Amino acid sequence: MKSPSEQDWRRLGRAVTGRVLRPGDNGFGAVSTPFNRRYAATVPAGVVSVASTVDVQRAIAWARDVGVGVAVRGGGHSYAGFSVGPGLVIDLGALNTVSASASTGLVTAGGGASMSTVYAAIEPCEMAFALGNGASVGIGGLTLGGGYGATSRVHGITADALVATTLVTADGEVLRCDANENADLFWACRGGGGGNFGVNVSFTFQAEPVSDCATYVLLWRMEDAEKVFSVVQETVRSAPDAFAARVGVSTTGADAIVSCIGQHLGPASELREILDPVLSVAQPFRVMIEDRTYWQARDDLLHDTSAGAFAARTSVLTQPLPDDAISAMLAQVRRWPGGGNADGGGAALFSWGGAVNRVPVADTAFPHREAKFLLSMDTSWAEDDPSAVVDANLGWLEELAASMAPYGGDRSYLNFTDPDLKSWRSAYYGNNYPRLAEIKRRVDPDGFFAFEQGIGS
Ligand SMILES: Cc1cc2nc3c(=O)[nH]c(=O)nc-3n(C[C@H](O)[C@H](O)[C@H](O)COP(=O)(O)OP(=O)(O)OC[C@H]3O[C@@H](n4cnc5c(N)ncnc54)[C@H](O)[C@@H]3O)c2cc1C
């Protein structure tokens with residue numbers, strides 16, 4: 001990769017209406033720092049915060065001309081730091097306009113819009129589609145990698161609601177992609193992963209009317225963990241699709257908490273009945289089960305962590321974990337090696353399936369259409385923890401994933417990106433990978449959009 005001269009950078013600054021920032025410039029950190037501080041040492045040579053589609057075209061043309069690599073940044077939350085690189089970052093943060101029509105239910109979001117901006121635009125229309133629960137997560141990364149939300153078992157993944165997207169390709173062409181136009185690219189943009197095929201400057205979704213619902217939070221001590229995990233899995237299996245659960249265990253070393261959190265697209269009375277086996281297996285020390293409007297439920301579930309540095313592994317499960325797997329998982333959580341990040345380490349099962357599984361696997365690039373649960377295993381550390389602590393945490397996570405491997409499949413969730421995953425092609429994409437690689441060869445023949453775990457790499 002070449003290193004652009006000062007003159008080159010000035011030329012980029014003149015070519016775009018957005019801002020070009022270099023290390024040391026005011027505001028550089030805000031548009032270049034990865035959410036996951038594990039990658040804090042990666043500092044781009046420059047960032048262009050584009051103001052329009054034309055800016056994106058000019059940034060791509062400039063990068064090609066000077067021979068510098070690019071990374072595309074939506075919300076900047078890639079678990080693997082894929083939206084930052086040593087070359088030019090194309091920051092889409094200013095492409096954050098969202099429009100929503102109550103009459104058609106169509107919602108169009110700029111390529112850099114955040115979850116909270118999208119929610120703010122759709123709330124007055126009383127319409128929604130499945131969205132993630134991190135307020136500052138970008139719609140770009142979420143949609144392109146799939147996008148699971150608490151309502152996905154009824155509404156599908158975020159990408160299932162996508163009806164069109166506009167993409168700037170590696171040769172600067174602006175392509176509208178939908179079911180009829182550039183249908184292959186439209187297919188790839190529904191689960192094929194961000195940063196692979198071009199810069200998506202806008203996304204249009206079909207939203208559905210919302211209804212009131214109920215949310216819940218249940219907390220237990222660690223001694224109840226075995227029973228709780230087991231019964232929650234059974235509850236999810238027999239519950240209607242309207243019910244969603246995340247059952248998790250997290251530890252900071254001194255203490256460990258078991259939690260079951262979620263939403264039901266129905267009244268709290270119905271939710272209490274669904275949760276009855278969970279509530280009776282072990283008495284939680286905290287119980288919250290409430291009727292909520294759809295938007296109150298969003299606020300209950302929306303969160304942003306302080307994050308620091310972290311790593312995650314996932315396993316897409318087509319069957320519940322048997323009791324011996326739960327015991328092995330909990331035993332490893334008890335052995336968490338410690339670290340300076342308040343998020344600690346742990347594991348969680350998310351209820352998957354429902355409407356998501358009613359879409360045929362080859363209809364979109366997202367391949368996990370037979371899943372029942374997502375098992376997510378994670379750990380974290382402070383940026384100033386010594387390298388021995390980091391190594392211990394990564395080693396611990398590796399052991400946890402290895403102990404769960406016999407129970408899960410060999411599939412992982414792309415949006416909880418795991419840069420240490422060797423079999424990522426089949427794990428993220430299953431049998432859809434060859435078609436993605438073929439589309440990549442066609443739309444980006446010289447691999448301009450390239451990164452570790454990029455399609456075609
Ligand atoms: C606090 C938190 C909560 C989360 N909650 C959920 C959740 O509820 N459900 C869920 O499914 N996932 C969730 N995630 C995971 C999230 O979906 C991924 O981290 C996602 O990739 C983040 O997208 P981003 O745009 O913020 O990140 P970025 O790092 O900007 O982008 C991720 C990848 O997509 C590319 N990209 C982003 N935007 C574009 C674009 N417009 N055009 C082309 N390429 C683009 C980037 O180059 C990068 O490769 C959560 C993550 C966090 C940190």
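Remember, it's 1-based here, ligands and their atoms both numbered in the order they're listed. Just so we're clear, the structure is a prediction, and the values are computed from it rather than from any experiment.
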So which atom in A342 and which in T252 form the shortest heavy-atom distance, rounded to 0.1 Å?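 Residues A342 and T252, closest heavy atoms: O-CG2, 3.3 Å.
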Looking only at non-hydrogen atoms, find the nearest pair between A128 and W295 and report the distance.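 For A128 and W295, the tightest heavy-atom pair comes out as CB-CH2, 4.2 Å.
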Below 4.0 Å from ligand 1: does a non-hydrogen atom of A135 turn up there or not? no
For F197 and ligand 1, answer yes if some heavy atom of the residue is under 4.0 Å from a ligand atom, otherwise no.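 In this structure, F197 fails to qualify as a contact of ligand 1 - no heavy atom is under 4.0 Å.
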If you measure every N or O of [X] against every N or O of ligand 1, does any of those distances drop under 3.5 Å?
| X | result |
| --- | --- |
| G76 | yes |
| R73 | no |
| L131 | no |
| F451 | no |
| Y79 | no |
| F35 | no |
| V72 | yes |
| S136 | no |
| G195 | yes |

Quick one: do R411 and S426 satisfy side chain to side chain donor-acceptor pair (under 3.5 Å)? Show the steps, please. CA-CA 7 Å; R411 299 290 168 89; S426 57; 5.9 Å; no
Of the side chain and backbone of L92, name the one, both, or neither that has a heavy atom under 4.0 Å from an atom of ligand 1. side chain
Under 4.0 Å from any heavy atom of [X], which atoms of ligand 1 are there?
| X | answer |
| --- | --- |
| G198 | 43 (C) |
| F82 | 49 (O) |
| G138 | 23 (O), 24 (P), 25 (O), 26 (O) |
| S78 | 27 (O), 28 (P), 29 (O), 32 (C) |
| G194 | 34 (O), 35 (C), 44 (N), 49 (O) |
| Y413 | 10 (C), 11 (O) |
| F416 | 12 (N), 13 (C), 14 (N), 15 (C) |
| G111 | 41 (N) |

So, [X] and [Y], do they make that salt bridge, N to O below 4.0 Å?
| X | Y | value |
| --- | --- | --- |
| R58 | D65 | no |
| R176 | D178 | yes |
| R37 | D384 | no |
| E383 | R38 | no |
| R190 | D363 | no |

Test ring pair (Phe, Tyr, Trp, His ring centres under 6.0 Å), reference F310, set W381, Y39, Y79, output is Y79
Before we go on, tell me: are the rings of F350 and Y148 under 6.0 Å apart, centre to centre? no
What about W220 and F229, are their ring centers closer than 6.0 Å? no
Judged by modelled atom types alone, do T379 and W396 share a side-chain donor-acceptor pair under 3.5 Å? no
Can you label the angle between the F205 ring and the F129 ring as parallel, tilted or perpendicular, going by 30° and 60°? parallel
Considering [options], which one's heavy-atom position lies nearest to [atom]?
| atom | options | result |
| --- | --- | --- |
| atom 39 (C) of ligand 1 | V56, L144, N200 | L144 |
| atom 10 (C) of ligand 1 | L142, N415, I139, V84 | L142 |
| atom 2 (C) of ligand 1 | V137, T417, T165 | V137 |
| atom 24 (P) of ligand 1 | P34, G147, G75 | G75 |
| atom 3 (C) of ligand 1 | S83, G134, A312, G74 | G134 |

On the ring face of Y294, is R292 found with NZ or CZ under 6.0 Å from the centre and within 45° of the axis?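 So R292 doesn't make the cation-pi contact.
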Tell me whether the guanidinium CZ or amine NZ of R64 lies under 6.0 angstrom from the six-membered ring centre of F448 and within 45° of its axis.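 Relative to the ring axis of F448, which defines the angle, R64 lies inside both limits.
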